[in-house]
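Presented below is the structure to which this report refers.
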Amino acid sequence: MIPNQPADFLTLLKSIVPDHRKPVSVLRQDFSAFINEIEDQEDESLTIEPIEITHELKGYWVSTQEAVTDQIVLFFHGGDFSFGSTQDYLALCSRIARAAQSRVFSVDYRLAPEHVFPAAVEDAITAYKYLLSRGYLSHLIVPAGISAGGTLVIDLLVSARDEGLPLPHAGVCMSPVADMLFKGESVTKNIDNDWLTPEGLNAIRTLYLAGHNPEDPCASPVYAHLYGLPRLYIQAGTHELLLSDIAAFVDKARWAGVPVRFELWEGMFHSWQAFPRRIPEGERAIDLVGAFILDAMVR
């Protein structure tokens, strides 16, 4: 029986922490198998339409009956930049679609180590440009992402600003990776309270950056110039290894004049929002994400 209390569920998550000594292909299979076991991905009311953005980049429209056609959540999944897919996060996509009463456009960005930094960043901005080129309005597009996907949301906003593109009115980051140096005190303080591990964080940096400077602003948003970004909604758990790094990013964004709504969720671990059907805090977090997105679109 799969537990539905956060502490018990965390114990389950710790039992499947990726062993980065295994081939990446095996890690991807293991991750997908676990997600499919604990999250019911079957939802007959969903409409899923694959889209070829480029010859090596795919997106998926995920729609529910509640969705307003021209309201778009541009979604980026998690998975350490090296695994994960729309299929793995389909339950989360459907939950966001319902909560935000919007269509979700989920992007299967290129993964490391086959495609190292900055491939995923390039794919994020390409997906946004694709939506704009199809006539979708920037103020009705809200990029949202979890874990690595939350990082890509910030990368997308910074890149779009620098390229002079029309900006969305808001972005949503759930447990984002803010600093690839992973130097926040919570990395050691929360070592027993999260399913991320310091070894796993080092593996992320090695696989994704492949020797690239971890202080590159597109690798670690905490080092980016953040002026002129739209308002952000950031969620983090008090038990996350990444908590200190996320808090440092929030402080810098606020100093740059970015309106940031930062919520600390007591006792929550990394990416708890990905399991809305298993723990009540996950469901409540996504309800708030949906409400924020709806509010951003009507302003």
Quick one: which residue pairs count as a salt bridge (Lys or Arg N to Asp or Glu O under 4.0 Å) with a foot in residues 60-83, not counting sequence neighbours? Glu66-Arg98

Does anything in residues 213-237 form a salt bridge (Lys or Arg N to Asp or Glu O under 4.0 Å)? List the pairs, not counting sequence neighbours. Arg231-Asp295

Going only through I, L, V, M, F, W and Y residues with side-chain contacts under 4.5 Å, is there a path from [X] to [Y]?
X: Val24; Y: Ile204; answer: no
X: Leu57; Y: Leu165; answer: yes
X: Leu264; Y: Val222; answer: yes
X: Leu288; Y: Ile234; answer: no
X: Phe75; Y: Ile48; answer: yes

[X] side chain to [Y] main-chain N or O, any donor-acceptor pair under 3.5 Å?
X: Ser175; Y: Ile146; answer: no
X: Arg205; Y: Met180; answer: yes
X: Ser102; Y: Val73; answer: no
X: Gln71; Y: Gln101; answer: yes
X: Gln235; Y: Ala285; answer: yes
X: Thr206; Y: Ala203; answer: no
X: Thr188; Y: Glu185; answer: yes

Rounded to the nearest 0.5 Å, what's the gap from [atom1] on [X] to [atom2] on [Y]? Could you check?
X: Ile246; Y: Thr151; atom1: CD1; atom2: OG1; value: 8.5 Å
X: Glu122; Y: Arg110; atom1: CD; atom2: CZ; value: 5.5 Å
X: Lys14; Y: Asp192; atom1: NZ; atom2: CG; value: 6.0 Å
X: Ile191; Y: Ser186; atom1: CD1; atom2: OG; value: 11.0 Å
X: Lys252; Y: Leu226; atom1: NZ; atom2: CG; value: 5.5 Å
X: Ile154; Y: Ser220; atom1: CD1; atom2: OG; value: 10.5 Å

Non-hydrogen side-chain atoms of [X] and [Y] separated by less than 4.5 Å:
X: Leu152; Y: Val121; answer: yes
X: Phe31; Y: Ile16; answer: no
X: Ile96; Y: Cys93; answer: no
X: Pro176; Y: Val153; answer: no
X: Ser159; Y: Lys129; answer: no
X: Phe269; Y: Ile279; answer: yes
X: Trp61; Y: Ile72; answer: yes
X: His270; Y: Ser147; answer: yes

Step-by-step side-chain contact (heavy atoms from CB on, under 4.5 Å) determination, Leu157 to Leu232: CA-CA 10 Å; Leu157 295 174; Leu232 298 174; 3.6 Å; yes

Work out which heavy atom in [X] is nearest to a heavy atom in [Y]; give both atom names and the distance.
X: Ile53; Y: Gly59; answer: CD1-N, 3.8 Å
X: Glu240; Y: Asn190; answer: O-ND2, 2.8 Å
X: Val258; Y: Pro230; answer: CG1-O, 3.3 Å
X: Leu181; Y: Pro214; answer: CD2-CG, 3.5 Å
X: Ala236; Y: Leu243; answer: CB-CD1, 4.1 Å
X: Leu27; Y: Pro18; answer: CD2-CB, 4.0 Å

Using a 6.0 Å cut-off, check whether atom [atom1] of [X] has over 12 heavy atoms from anything other than its own residue.
X: Lys189; atom1: NZ; answer: no
X: Glu163; atom1: CD; answer: yes
X: Gln65; atom1: CD; answer: no
X: Arg134; atom1: CZ; answer: yes

Please assess Ser138 against Leu132 for the test side-chain contact (heavy atoms from CB on, under 4.5 Å), listing each intermediate value before the final yes or no. CA-CA 7 Å; Ser138 61; Leu132 294 178; 4.2 Å; yes

Between Asp108 and Lys58, is there a side-chain N and carboxylate O pair less than 4.0 Å apart? no

Any carboxylate oxygen within less than 4.0 angstrom of a Lys/Arg side-chain nitrogen, looking at Glu114 and Arg28? yes

Determine, using ring centers only, whether Phe105 and Tyr136 are less than 6.0 Å apart. no

Listed partners of Tyr128 passing ring-ring contact (aromatic ring centres under 6.0 Å, His included), at least two apart: none

All ring-ring contact (aromatic ring centres under 6.0 Å, His included) counterparts of Tyr109, not counting sequence neighbours: His77

Pairs where residues 216-263 contributes a residue and the test ring pair (Phe, Tyr, Trp, His ring centres under 6.0 Å) is met, not counting sequence neighbours: Tyr233-Phe292

Which pairs, with at least one residue in residues 147-173 and sequence neighbours excluded, count as a ring pair (Phe, Tyr, Trp, His ring centres under 6.0 Å)? His139-His169

Using the rule ring pair (Phe, Tyr, Trp, His ring centres under 6.0 Å), only one of Trp272, Trp195, Phe275 pairs with Phe9; which is it? Phe275

Before giving the answer on side-chain contact (heavy atoms from CB on, under 4.5 Å), spell out for Leu90 and Tyr60 the whole-Å C-alpha distance, their side-chain angles and the decisive distance to 0.1 Å. CA-CA 10 Å; Leu90 196 56; Tyr60 294 84; over 6 Å; no

For Val177 and Phe182: C-alpha separation, side-chain torsions, deciding distance, then whether side-chain contact (heavy atoms from CB on, under 4.5 Å) applies. CA-CA 9 Å; Val177 180; Phe182 304 118; 3.7 Å; yes

